[in-house]
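To keep things clear, I will list the structure first and then write my remarks on it.
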Amino acid sequence: MSGYIAPQQPIQPQPPLQPVYQEEKGLTVCGIVGVVFGALGFVLSFIPIINNIAAIFGFIGVILAIVALVGTFRGKKRGKALAIVAAVLSVLAIVITLAMQSAASKAIDEATGVSNSQSSAKGSAKNQPKGDQDMEGDLRTMHVKIVSAVRSNNDYNNQPTVLVTFEWTNNTDKNNSFAVLASPQVFQNGQALDTAIYSENPAGYDSNSDFAEVQPGATGTVTIGYTLKDDSEVTVDVTDLFDLNDSAKVVHKFTV
């Protein structure tokens with residue numbers, strides 16, 4: 001039939017298109033913190049003594065860097081380059097710290113003139129002096145004798161003093177002084193006495209004697225004054241300056 005018009009279907013409204021959002025990956029926090037610890041460790045690693053802390057920072061930085069790298073490889077976080085920088089800085093902090101401490105230890109041995117044979121024998125108990133030695137004995141770097149401890153002139157503050165005399169023999173292979181090798185101390189009532197400063201030097205006192213160098217095998221005399229606290233007896237002891245454990249000591253008590 002001409003002129004027939006088919007009925008039109010009603011147009012169904014289309015639902016609005018929903019925007020598709022992609023989950024944003026966060027920057028790795030461990031990587032950021034790892035870079036901070038690594039950078040601090042790297043800077044501090046060049047400073048003697050303080051670089052012990054640098055090594056700790058370095059180890060923390062390495063752990064954080066590993067955690068950050070694992071997160072980035074799994075696709076949970078972004079910032080792989082940051083994690084790698086943290087790892088590199090932290091490892092450098094540890095390596096430089098170990099190298100600096102090794103160099104410092106070698107420099108101390110060279111300064112004190114302790115030979116390689118003496119250093120290698122350090123771990124052998126039979127080759128090392130140990131314990132307290134009364135009045136005279138051997139230390140790692142010297143032979144020392146406490147000659148006397150006698151009452152002396154008052155110091156610049158008019159306080160009583162005791163003048164202690166030492167004789168020592170340089171057992172290293174380089175010229176050295178008593179001040180560089182020895183750690184002398186005087187105690188009274190269990191407390192260490194301060195070094196005396198004289199306004200007028202007493203007889204037999206040489207203020208520079210502990211800094212005077214002697215050759216290997218030579219013997220020197222050292223006089224040091226200490227400010228007394230009272231009239232009780234004093235205990236004089238001498239150890240090696242670099243012996244942190246005070247494994248060997250020359251000691252004696254004096255009445256002043």
### Query
Does the side-chain contact (heavy atoms from CB on, under 4.5 Å) test come out yes or no for T235 and V251, once each step is laid out?
CA-CA 7 Å; T235 300; V251 60; 3.6 Å; yes
### Message
side chain to side chain donor-acceptor pair (under 3.5 Å), that's the test. Do E136 and H143 meet it? Break it down for me.
### Response
CA-CA 8 Å; E136 183 176 4; H143 178 87; 2.8 Å; yes
### Message
Using side-chain contact (heavy atoms from CB on, under 4.5 Å), reason through T195 and Y226 one step at a time and then give a plain yes or no.
### Response
CA-CA 4 Å; T195 304; Y226 297 88; 4.2 Å; yes
### Derivation and outcome, side-chain contact (heavy atoms from CB on, under 4.5 Å), residues N52 and Q101
CA-CA 9 Å; N52 290 321; Q101 290 182 346; 2.4 Å; yes
### Query
Does the pair T165 and T223 meet the rule for a side chain to side chain donor-acceptor pair (under 3.5 Å), with working shown?
CA-CA 5 Å; T165 302; T223 51; 6.0 Å; no
### Task
Could you walk me through whether L228 and V234 pass the side-chain contact (heavy atoms from CB on, under 4.5 Å) test, one step at a time?
CA-CA 9 Å; L228 292 169; V234 298; 3.8 Å; yes
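When all heavy atoms of G38 and A93 are compared, the closest pair comes out as O-CB, 4.4 Å. Pairing each heavy atom of A86 with each of G34, the nearest pair is CB-C, 3.4 Å. Heavy atoms only, all atoms of each residue included: A182 and V238 are closest at CB-CG1, 4.0 Å. The heavy-atom pair separating L92 from F42 by the smallest distance is CB-CD1, 3.9 Å. F46 and I96 make their closest contact through CZ-CD1, 3.6 Å (heavy atoms, listed as atom of the first residue, atom of the second, distance). For the pair A212 and W168, the tightest heavy-atom approach, listed with the atom from each and the gap, is O-CZ2, 4.5 Å.
Remark: L163 CG to S148 OG distance equals 7.0 Å, nearest 0.5 Å. Within the model, atoms CZ of R140 and CG of L181 stand 9.0 Å from one another, a figure rounded to the nearest 0.5 Å. Distance check, rounded to the nearest 0.5 Å: CD1 of I197 to CG of N157 gives 9.5 Å. Taken to the nearest 0.5 Å, the CG atom of D134 stands 10.5 Å off from the NZ atom of K253. One finds the CG atom of N176 at 11.0 Å from the CG atom of N171 (value rounded to the nearest 0.5 Å). I94 CD1 to L89 CG: the interatomic distance, rounded to the nearest 0.5 Å, is 11.5 Å.
Between F166 and I146, the closest side-chain pair of non-hydrogen atoms falls below 4.5 Å. Residues S183 and D240 have side chains not in contact (no heavy-atom distance under 4.5 Å, counting atoms from C-beta outward). Side-chain contact between L82 and T72: absent, with no pair of heavy atoms (C-beta onward) separated by less than 4.5 Å. The shortest side-chain heavy-atom distance between T169 and K145 does not fall under the 4.5 Å cut-off. Side-chain contact check for P184 versus I224: some heavy-atom pair is nearer than 4.5 Å. At a threshold of 4.5 Å between non-hydrogen side-chain atoms, the residues F73 and K80 count as touching.
The main-chain N or O of A54 is never found under 3.5 Å from a side-chain atom of S45 such that the two would form a donor-acceptor pair. S90 places no side-chain N or O within 3.5 Å of a backbone atom of A87 that could act as its donor or acceptor partner. Between the side chain of T141 and the main chain of T172, no donor-acceptor pair closer than 3.5 Å is present. Q188 contributes a side-chain N or O that, together with a main-chain N or O of S232, makes up a donor-acceptor pair within less than 3.5 Å. A distance-only check finds a donor-acceptor pair linking the side chain of N170 to the backbone of V214 [under 3.5 Å].
Checked against salt bridge (charged side-chain N to carboxylate O under 4.0 Å, His left out), D231 has the following partners two or more places apart in sequence or in another chain: R151.
Both V222 and F254 are assigned to one and the same hydrophobic cluster, defined by single-linkage of ILVMFWY side chains at heavy-atom distances under 4.5 Å. Taking hydrophobic clusters as Ile, Leu, Val, Met, Phe, Trp and Tyr residues chained together by side-chain heavy-atom distances below 4.5 Å, L64 shares a cluster with I56. Connection of V35 to V95 is not established within any shared hydrophobic cluster, with ILVMFWY side chains joined at heavy-atom distances below 4.5 Å, either directly or through further cluster members. Residues M135 and F178 fall within the same hydrophobic cluster, defined by Ile, Leu, Val, Met, Phe, Trp and Tyr side chains chained together at heavy-atom separations under 4.5 Å. Both L40 and I60 belong to a single network of hydrophobic side chains, linked directly or stepwise wherever heavy atoms of I, L, V, M, F, W or Y lie under 4.5 Å apart.
The neighbour count for E233 CD, taken as heavy atoms of other residues, nucleotides or ligands under 6.0 Å away, is above 12. Other residues, nucleotides and ligands contribute over 12 non-hydrogen atoms within 6.0 Å of the OH atom of Y205.
Paired with Y198 under the rule side-chain hydrogen bond (donor to acceptor under 3.5 Å, both in side chains), one option of T161, N154, D155 passes, and it is T161. Of the candidates V236, D237, V256, V186 forms a side chain to side chain contact (heavy atoms under 4.5 Å, CB included) with just one, namely V236.
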